Amino acid sequence: MQKEKKKVSSKSPLILGIALGAIIILYFLIGSTYRSVFFPGTIVNGVNVSGLNCAQAQEAVNAGASTYTLTLIEDDGENTETIAGSDIGLHIEDDDSLKLILDGQNMITWGIEAFHEKEYSVSVSYDEEKLRSVIDSLSCMDKSKWVSPENAYVIYENGSGYQIVPEVSGNEISENMLFEAVTDAVCRMEDTLSFREAGVYRAPRISAEGSALQEQLALLQSYSDMTVTYKFGDQTEVLDGDTLSEWISVSKSGRRTIDREAVTEYIKGLAKKYNTAYSSKTLKTSYGETVTIKNGCYGWMLDKETEVDKLMEIIGRGESTNREPVYLMEAASHSDPDYGDTYVEINLTAQHLFFYKDGELVIESDFVSGN
């Protein structure tokens with residue numbers, strides 16, 4: 001039995017072509033509508049303008065501008081204030097910005113673009129006088145509430161030594177910086193503006209973490225435990241960090257300075273306390289009477305000028321040391337009496353003398369002193 005052959009209709013390719021052509025024509029017809037309206041998913045200044053023409057889009061964006069609010073984040077988030085677009089006359093500029101976006105739409109790729117969100121930002125205008133007035137009325141502009149920034153610095157505390165006192169950030173506002181930051185945020189129609197991030201607050205010039213201050217601390221740290229111990233016989237005078245810290249300073253350039261005048265006054269104080277030259281002395285005579293001897297030059301006398309130089313050098317090195325000062329004149333003992341217990345006692349009235357050695361009378365004798 002012979003099979004019958006099926007006949008393929010010559011109309012099928014034609015119908016398929018017509019359908020495909022219709023789809024293409026429909027695609028381009030729909031695409032052509034986007035010559036005057038915006039693609040789906042088109043966002044301008046945060047406002048969805050999909051399917052709107054330029055005039056409608058401008059009206060929609062202006063409506064969004066009138067309800068726009070900028071939140072100001074102050075004091076690291078502790079306080080917030082707002083600026084409303086309606087209070088500053090915020091509106092889209094009447095220019096070709098929207099038309100440029102519209103003209104940039106590709107009619108051929110509208111089918112792809114329709115499934116992607118597209119965000120644009122166009123320039124907006126505001127009433128500068130109103131904006132300045134709104135900014136001036138903000139609570140943060142009350143200067144009585146401002147805390148000025150303070151630089152970090154090195155301080156010496158008795159018993160603790162040198163340490164860094166951190167900077168104070170403060171909340172003092174740079175009015176020019178604030179206006180620039182607000183206008184920039186408004187033009188971008190941003191939701192929030194952080195004062196700290198925008199650099200609106202005046203900042204300290206010197207930070208605790210800054211290399212200059214760290215170097216200054218390192219330079220001064222050696223003086224915290226430094227001592228210069230002066231010996232005067234059995235007595236001592238200790239010059240320590242508590243006093244040295246008052247004499248030493250470091251300039252902004254990192255240069256260390258030692259107060260020579262303060263060092264001089266310190267040495268003068270030692271001289272006043274321990275010098276015995278030209279001072280009155282008492283003597284218990286061999287006859288039992290105690291007399292006062294005046295106008296004698298015998299005794300201890302510091303070489304103040306030389307000792308100031310020496311102490312300046314020691315402080316400059318920053319090294320602890322035990323020291324006996326330089327003297328112009330020296331005596332037998334730092335104890336009282338400074339002439340010690342080995343001496344000759346001469347009594348001009350009695351024309352008699354006594355020689356004591358280590359406190360013991362060794363010899364006594366008459367003498368003739370003459371005139």
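Because the structure is a prediction, the values reported are computed rather than measured.
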- Tell me, yes or no, whether the heavy-atom count around E197 atom CD, taken from other residues, nucleotides or ligands under 6.0 Å, exceeds 12. no
- Message: Is it the case that atom CD in E330 sees more than 12 heavy atoms from other parts of the structure closer than 6.0 Å?
- Response: yes
- Examine Y287 together with F354 and report whether their ring centres are nearer than 6.0 Å. yes
- Got a salt bridge between K130 and D87, using NZ or NE/NH1/NH2 to carboxylate O under 4.0 Å? no
- Mind checking the CE-CD1 spacing from M226 to I314? Nearest 0.5 Å is all I need. 7.0 Å
- Item | Any donor-acceptor N or O pair under 3.5 Å, side chains N295, Y278 | no
- Any salt bridge (Lys or Arg N to Asp or Glu O under 4.0 Å) involving residues 199-217? Give me the pairs, sequence neighbours left out, ordered by first then second residue. E172-R202
- Message: Ignoring hydrogens and geometry beyond distance, is a side-chain donor-acceptor pair present between Q351 and S369 at under 3.5 Å?
- Response: yes
- Task: Just jot down the salt bridge (Lys or Arg N to Asp or Glu O under 4.0 Å) partners of K310, sequence neighbours excluded, or say none.
- Result: none
- What is the distance from atom OG1 of T236 to atom CD of E324, rounded to the nearest 0.5 Å? 12.5 Å
- Query: Partners of E150 by side-chain contact (heavy atoms from CB on, under 4.5 Å), sequence neighbours excluded?
  - Reply: V168
- Query: Should we say atom NZ of K304 is surrounded by more than 12 heavy atoms from elsewhere, each under 6.0 Å from it?
  - Reply: no
- Is any side-chain heavy atom of F38 less than 4.5 Å from a side-chain heavy atom of L102? yes
- Message: Is a donor from one side chain sitting under 3.5 angstrom from an acceptor on the other, for E261 and Y266?
- Response: no
- Query: Got V182 and I83 here, is their nearest side-chain heavy-atom distance under 4.5 Å?
  - Reply: yes
- Query: So K273 and E237, salt bridge (charged side-chain N to carboxylate O under 4.0 Å, His left out) or not? Walk me through it.
  - Reply: CA-CA 11 Å; K273 185 175 181 178; E237 294 285 339; 2.7 Å; yes
- Message: Check this for me, if you would: do E265 and K272 make a salt bridge, where the nitrogen-to-carboxylate-oxygen distance has to be below 4.0 angstrom?
- Response: no
- Start with the C-alpha distance between R256 and Y223, add both sets of side-chain angles, then the distance that settles side chain to side chain contact (heavy atoms under 4.5 Å, CB included), and finish with yes or no. CA-CA 12 Å; R256 182 200 58 201; Y223 295 104; 2.8 Å; yes
- Query: Do V134 and M177 belong together in a cluster built from hydrophobic side chains that touch within less than 4.5 Å?
  - Reply: no
- Rounded to the nearest 0.5 Å, what separation is found between the CD atom of E345 and the CG atom of L353? 9.0 Å
- Message: Quick one: does any side-chain atom of T306 pair with a main-chain N or O of D303 as donor and acceptor, under 3.5 Å?
- Response: no
- N322 and Y230: side chain to side chain contact (heavy atoms under 4.5 Å, CB included), yes or no, with the steps? CA-CA 6 Å; N322 294 324; Y230 277 100; over 6 Å; no
- Pair H352, D366: side-chain N/O donor-acceptor within cut-off below 3.5 Å: yes
- Query: Is a salt bridge present between R260 and D309, judged by a nitrogen-to-oxygen distance below 4.0 Å?
  - Reply: yes
- Item | Donor + acceptor pair across side chains of T227, D240 (<3.5 Å) | no
- Task: Could you tell me whether Q56 atom CD has more than 12 heavy atoms of other residues or ligands within 6.0 Å of it?
- Result: yes
- Item | Within one Ile-Leu-Val-Met-Phe-Trp-Tyr cluster: L239 and L220, side-chain cutoff 4.5 Å | yes
- Message: Could you go through L52 and V37, starting from their C-alpha distance and side-chain angles, then the distance that decides it, and tell me whether this counts as side chain to side chain contact (heavy atoms under 4.5 Å, CB included)?
- Response: CA-CA 5 Å; L52 303 181; V37 297; 6.0 Å; no
- What is the distance from atom OH of Y356 to atom CG of L361, rounded to the nearest 0.5 Å? 5.0 Å
- For side chain to side chain contact (heavy atoms under 4.5 Å, CB included), just list the numbers for M189 and V124, CA-CA rounded to whole Å, side-chain angles, deciding distance to a tenth of an Å, and then say yes or no. CA-CA 8 Å; M189 293 188 71; V124 292; 4.0 Å; yes
- Query: What is the minimum heavy-atom distance between A331 and D338, and which atoms define it?
  - Reply: CB-O, 3.6 Å
- Item | E246 side, atom CD; D259 side, atom CG - distance, nearest 0.5 Å | 10.0 Å
- Just checking, any donor-acceptor pair under 3.5 angstrom between side chains of D142 and S144? yes
- Message: Would you say that L283 contacts I293 through its side chain, given a criterion of any heavy-atom pair below 4.5 Å between the two side chains?
- Response: yes
- Might you confirm whether atom CG of D234 has over 12 heavy atoms from other residues, nucleotides or ligands at distances under 6.0 Å? no
- Considering only heavy atoms from C-beta outward, does the side chain of L219 approach that of L217 to under 4.5 Å? no
- Message: Once rounded to the nearest 0.5 Å, what's the spacing between atom CD of E117 and atom OG of S50?
- Response: 8.5 Å
- May I ask you to check whether Y274 and W300 place their ring centers less than 6.0 Å from one another? no
- Side-chain H-bond candidate by donor/acceptor type, S97 with Y120, under 3.5 Å: no
- side chain to side chain donor-acceptor pair (under 3.5 Å) evaluation trace for Q214 with S211: CA-CA 5 Å; Q214 292 293 331; S211 59; over 6 Å; no
- Would you find more than 12 non-hydrogen atoms of other residues, nucleotides or ligands less than 6.0 Å from E313 atom CD? yes
